[in-house]
Every structure is written in structure tokens, then in C-alpha cells.
Trainee: 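The structure follows.
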Amino acid sequence: MTTVVADQTLDVQGLNCPMPLLKARQAIMKMEVGQVLKVLSTDRGSIKDFQGWAQSARNVELVGQGEESGPDGKKLYVHYVKRTK
Amino acid sequence: MSDTTQQTLVNGTNEAQTAESPVDLAERIAALEERIAELEERVPEDKVTIVVFSGELDRVLAAFIIASGAVALGQEVSMFFTFWGLNALRKKRIIDGKSLPEKMMSLMTPASTQQMGVSKMNFFGVGSRMLRYMMAQKNVESIEGLIDLCQEMGVRMVSCEMSRDVMGIRQDELRDEIEVGGVATYLADALRSRVTLFI
């Protein structure tokens, strides 16, 4: 697991494609360049989705991804996205 | 090629360039700039264009999921609604003032996304209601929510004037802020897009 310090955390647990991505984009556009957003998702597809986002968009960078287990034992997919522009 | 020959070649070109008069150079730069501008015009932009031809819940849903995803990925998105796809933009049904075939068409087509069937196993609307129920169970955004979201995020939505007229759908039956266009409106966008889809 990467040790990245997040400036803000976004909880999109329970939401499905394409909502985690849309919410994350909305959140990061309100942040400043250089800041990192931590996204907590239960959507398994979000792993590849966030990779695709970072690959195509010119203003974000995926600085870390990982899995955690939530308080209720559910698997959580964690993404760290940095705004670069 | 040995290092020494490469060195002489590099020196050779340098000399040739310095020997050129400033006027020639300026001309060459101007010609290059012109070519670059021409090329830039032909390079696709960060755009996605979608034709929505179908009017079934599942297909329209796919179109709006791709559209919203593309916006999230920083793309400029245009959606063109034609024939059955126009029903996705409808907010109400108007019967008054229409001809008989138009009235019939109006009654047989969904007056809003709420009335849309599914493309397979619709069973007179049961399939559609079941799909909506299953989507809600799995916390998937509803089609109405997605359309609103797309409009909020600045997705350009264009209704095809010709098919709207043919199907007898009035502009005031459609959502607000819908542009009006034709085939060239779509093509002008599609030709500059990286991705274009027909759904």
C-alpha cells in the first residue's frame, strides 16, 4: 500500500458505475492543483475505471490504489487521485 | 555509421542553415507554420459524439452512461437524438393539434423515459419495471438522474429536426435547452471526435 497523504476523502460506497467516477471528478475539480483526493468505493470496476480516467484525462494522476476491508467486512477499493492541472 | 561521420554531417547541416539568408528562413518558418495550422485543424479533439437512435431504456441508459463517463474523462460530449431516440428527451405528450397518424404515433411511443420499454423481454412493460427495480436494488443511478447529470455537466444535446418533424413530436414536448440540428451538425462534431457511437 502506498503511503500517500490525502487532502480530502470522498466516500462513494454503495454507488455503482459510472457514479464513483463522476463524483470523484466533481470533487477533484473543486480542489486545488497538487492536492490529493482519497476515494473509498465498493465498486470492483472502479479499479480499472480510475486507471482509465488517469490515463485519458490531462488533469489528474493516479498516485495510488489499493484494497482495504471496511468496518462491516466489505471489501473497499481505495484510490488516491492527484490534481495536476 | 561512425561517430566522426555523424559529427561532420551535423556540422554540415549547421553550416548550410547559417548560410541561408534570413529572408529564406522567415519564408520557410511561415510555410511551416501554415502547415502546422492545417494539420492542427485535422487532428481530432478530446471529443466524443453519440447518436441515440434507439428508444429503449437499456440502450438509452448505455448511451448516457458512456456520455457521463466521457465527461468525467475530460471529453467534450455531443449527443444527437434521432427517430426513437427522441423519446429519451421527451418530458410530456401533446396530442392536440396533431394529425391522425401523428396522434397515433404519439400514443404508441413513450411520452417520457418513465414509459420506455426494454429491448429484450419487455413483456408489455413488465421487463422494464423489473430492470428499474433491479437497478435500484444495486444502487445504479436511474436514467432520469443520469440525463439530468449529463445536462448539468454540459453534455451538448441536439435533436434531429427532420425525424422530430416526421414522428410528429413537437419541440415543446422535449426537455428544455435542447439544440436543434441536422446531419451536418452531427458530422461536424463527429469528424473532430476521437470516438463516435451509434446506439
Side-chain angles (χ1 to χ4, degrees), chain A residues 8 10-63 65 70 72-77 79-85, chain B residues 40 43-50 52 57-79 88 113 130-157 192-197 199:
Chain A
Q8 238 182 70
L10 177 72
D11 188 352
V12 287
Q13 290 179 57
L15 292 183
N16 261 314
C17 173
M19 296 317 285
L21 201 61
L22 298 188
K23 297 266 182 203
R25 156 140 170 131
Q26 278 176 341
I28 208 150
M29 293 319 280
K30 285 186 195 137
M31 290 168 68
E32 273 161 39
V33 173
Q35 287 193 315
V36 176
L37 176 72
K38 179 184 182 181
V39 185
L40 295 169
S41 168
T42 44
D43 173 24
R44 198 154 59 111
S46 67
I47 291 273
K48 290 276 179 216
D49 271 5
F50 275 71
Q51 289 170 6
W53 178 27
Q55 216 174 64
S56 333
R58 281 159 196 191
N59 56 353
V60 289
E61 184 191 332
L62 194 61
V63 284
Q65 256 184 338
D72 52 352
K74 249 193 200 165
K75 201 181 250 183
L76 283 182
Y77 303 93
H79 318 282
Y80 292 90
V81 192
K82 187 181 183 177
R83 182 164 174 192
T84 55
K85 239 199 233 167
Chain B
E40 268 173 351
V43 172
E45 290 161 23
D46 286 344
K47 270 186 176 187
V48 173
T49 319
I50 303 172
V52 185
L57 182 70
D58 44 351
R59 295 189 179 173
V60 172
L61 186 70
F64 279 101
I65 288 178
I66 296 170
S68 58
V71 174
L73 261 57
Q75 306 290 310
E76 205 182 297
V77 182
S78 301
M79 299 177 88
T113 43
M130 207 168 87
L131 180 68
R132 276 182 187 271
Y133 170 77
M134 288 162 85
M135 279 166 59
Q137 288 286 301
K138 298 278 163 71
N139 243 321
V140 175
E141 182 68 40
S142 71
I143 179 79
E144 292 78 22
L146 268 175
I147 300 177
D148 289 341
L149 207 74
C150 281
Q151 222 169 9
E152 267 167 44
M153 292 192 304
V155 170
R156 185 178 179 213
M157 297 186 196
R192 315 290 316 258
S193 299
R194 295 190 192 282
V195 173
T196 180
L197 299 170
I199 298 174

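Letters A, B, ... are given to chains in the order of the sequence lines, protein chains preceding strands, and every chain is numbered from 1.
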Trainee: Using a heavy-atom distance cut-off of less than 4.5 Å, which residues of residues 34-54 of chain A contact chain B?
Mentor: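 Listed by number, the contacting residues are G52(A), W53(A).
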
Trainee: Name the region of M153(B), side chain, backbone, both or neither, that has any atom closer than 4.5 Å to a heavy atom of chain A.
Mentor: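 Just the side chain, heavy atoms under 4.5 Å.
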
Trainee: Is there side-chain contact between L146(B) and P18(A), with at least one heavy-atom pair below 4.5 Å?
Mentor: yes

Trainee: So which residues of residues 136-144 of chain B are in contact with chain A at a heavy-atom cut-off of under 4.5 Å?
Mentor: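 Near chain A, by residue number: K138(B), N139(B), V140(B), E141(B).
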
Trainee: Compare all side-chain heavy atoms of M135(B) with those of N16(A) and state whether any distance is below 4.5 angstrom.
Mentor: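 M135(B) does not reach N16(A) side chain to side chain.
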
Trainee: For S68(B) versus L22(A), what's the shortest heavy-atom pair and its separation?
Mentor: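 Minimum heavy-atom contact is O-CD2, 3.1 Å.
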
Trainee: Please determine whether the number of non-hydrogen atoms from other residues, nucleotides or ligands lying under 6.0 Å from atom CE of M134(B) exceeds 12.
Mentor: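 Check fails, neighbour count at 12 or below.
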
Trainee: At a 4.5 Å cut-off on heavy atoms, which part of L149(B) comes close to chain A: side chain, backbone, both, or neither?
Mentor: side chain

